[in-house]
Novice: 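Handing you this structure, nothing more for now.
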There are 2 protein chains.
Amino acid sequence: MYSQSEENYLKVIFTLQKAEEAPVNTNLIAEKLSTKASSVTDMIKKLSAKDLLSYKPYQGVKLTETGRSIALKVLRKHRLWEFFLVDKLHYKWDEVHEIAEQLEHVKSDSLIDKLDYFLGLPKYDPHGDPIPDKDGNFAGEELISLKNMEIGERGILKGLKDSSNVFLKYLDRKNMVIDDQIEVVDIEKFDQSVLIKTNWETFYISEQVAKNLLIKRMNDEL
Amino acid sequence: MYSQSEENYLKVIFTLQKAEEAPVNTNLIAEKLSTKASSVTDMIKKLSAKDLLSYKPYQGVKLTETGRSIALKVLRKHRLWEFFLVDKLHYKWDEVHEIAEQLEHVKSDSLIDKLDYFLGLPKYDPHGDPIPDKDGNFAGEELISLKNMEIGERGILKGLKDSSNVFLKYLDRKNMVIDDQIEVVDIEKFDQSVLIKTNWETFYISEQVAKNLLIKRMNDEL
DNA sequence: AATATTTTTTAGTCTTATCTAAATTTATTT
DNA sequence: AAATAAATTTAGATAAGACTAAAAAATATT
Ligand SMILES: [Mn+2]
Ligand SMILES: [Mn+2]
Ligand SMILES: [Mn+2]
Ligand SMILES: [Mn+2]
């Protein structure tokens, strides 16, 4: 069994490792966990001694297979609980993260699989993030940032790069939800803002917003 | 916000205080929490400094109103989660306590009320223990121990004094569940064992078992 | 190549919650 | 009323996880 703190480190390192390919550095981890670099070094040593990650001083860390599989389990729990909170308790998508941060640490071999079944084996959490299954396999669709789409292309909003509450609330105000169809109508040369057309309206979003929307391209042949 | 440890102390002191009326003594708390008396003294001082209980050295402790209301909240959470685990995830009643011990410490003002509503505002947990409502009010029925019933009396099994897994499994083997009707057919003079009649069979239970079954008397006029 | 800056690690401290062993207080016997 | 036993508290230690300040290593700049 691993402590809450250990689990949080593994989870954060996993997501950082996913984003950048290189070894994950101390300061980044510290920032994501709102702690200090020295604390990170301490914990890194502990996790390294337990063979959950490999670590060369000053060279950053990389999860081992064991470390990765623990991180995936925590992520699975986090996302399933988020789904539960939204789908069954009718929370809004910007209200569930903090609660899931706590629920993800509940220890029980059977609990999460029973919850998964109860929820109908969902594939994505309320923010469009894929939920790893029992064996740690993701629903692997390659999503691209809306920023990388060209004029005329269409796709479906499937996930978010940024899931901060302030961004979630912005999307709420724009009435944008996961699974919306989106078409790129125009891209403003000056500031890279994007004119998009949803099922209901056509409006501009900033480059920063476009960057954080993950789209599943629609192949027009289907 | 209170730590898990603080919440566990308050909860245990509350239930002990309920059983015996006198101030709760150190050793009892230590035993219930599987810890040492010296640790209990330490924590007691901390809780006393926070005005959650009153404490005179060597004289045991008594919860303050604040302490009591926190204990009730924890109990409410514990029992609602147990209900969720049995009713929605289909756990058996002897499998839920350990998981609920963890879930009861999840912090969120809205979560437990939403869960309560989702579950249909249940009044009793799977072991027949009353679930305090939002304002800390119990469903107050006075239950009596089956041991105190007389020959010929009838009643309904509504709760257990002992909810240990070994007892719960015993009841499973006897096919006894909450809300069963029970009639006292005879009481053996020699060892106080009780011959009871349920809807399906008639059989003997030991005095010790009788002591731990809580019955709602059936007033025959209704 | 030498210097300056940034990143990371080490050293030492703190808090929370435990523990063991010893001292103290209260309760029970003789 | 002593003496003995039991319950409780104190004293001192330990472990996890965090922090600040200082040292060391790696990068970047002149
Ligand atoms: Mn989240
Ligand atoms: Mn999410
Ligand atoms: Mn329980
Ligand atoms: Mn219960």
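Lettering follows sequence order; numbering is per chain, from 1.
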Novice: Taking all heavy atoms of B:Glu207 and all of B:Asp191, pick out the closest pair and write down the distance.
Specialist: CB-O, 3.8 Å
Novice: Just by distance, do the side chain of B:Glu31 and the backbone of B:Leu28 share a donor-acceptor pair under 3.5 Å?
Specialist: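 No; zero donor-acceptor contacts below 3.5 Å.
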Novice: Can you check whether B:Ser3 has a side-chain N or O nearer than 4.0 Å to OP1 or OP2 of C:dT16?
Specialist: no
Novice: Within a reach of under 6.0 Å around NZ of A:Lys11, are more than 12 heavy atoms found that belong to other residues, nucleotides or ligands?
Specialist: yes
Novice: Generate the contact string for nucleotides 22-29 of chain D. Rules: B means base contact, S means sugar-phosphate contact only, - means no protein heavy atom under 4.0 Å.
Specialist: --BSS---
Novice: Hey, is the side chain of B:Tyr55 poking within less than 4.0 Å of OP1 or OP2 on D:dT8, counting only N and O atoms?
Specialist: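 Result: no.
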Novice: Map B:Ser38 and A:Thr35 onto DNA chain D by nearest heavy atom, then report which one ends up closer to the 5' terminus.
Specialist: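 Taking each residue's closest nucleotide, the earlier one in sequence belongs to B:Ser38.
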Novice: I want to verify a distance call: between D:dA18, C:dT8, C:dT20, whose nearest atom is closest to the A:Asn27 side chain?
Specialist: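 Nearest to the side-chain atoms of A:Asn27, counting from C-beta on, is C:dT8.
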Novice: Applying a 4.0 Å non-hydrogen cut-off, can you work out what A:Asp42 is touching in the nucleic acid: base, sugar-phosphate, or nothing?
Specialist: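 The residue A:Asp42 makes base contact.
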Novice: Out of D:dC19, C:dT9, C:dT20, which has the shortest distance to the side chain of A:Ala37?
Specialist: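 Among D:dC19, C:dT9, C:dT20, the one nearest the side chain of A:Ala37 is C:dT9.
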Novice: Return the 5'-most residue of the pair A:Ser5, B:Thr26 with respect to DNA chain D, ranking by each residue's nearest nucleotide.
Specialist: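 Residue closer to the 5' terminus by nearest nucleotide: B:Thr26.
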Novice: Can you tell me if B:His97 and B:His78 form a side-chain donor-acceptor pair at under 3.5 Å?
Specialist: yes
Novice: Sequence neighbours excluded, which residues qualify as side chain to side chain contact (heavy atoms under 4.5 Å, CB included) partners of B:Lys62?
Specialist: B:Gln17, B:Ser54
Novice: Please pick, from D:dC19, D:dT9, C:dT9, the nucleotide with the shortest atom-to-atom distance to any side-chain atom of B:Thr41.
Specialist: D:dT9
Novice: Under a 4.5 Å cut-off applied to non-hydrogen side-chain atoms, are B:Met149 and B:Ile144 in contact?
Specialist: yes
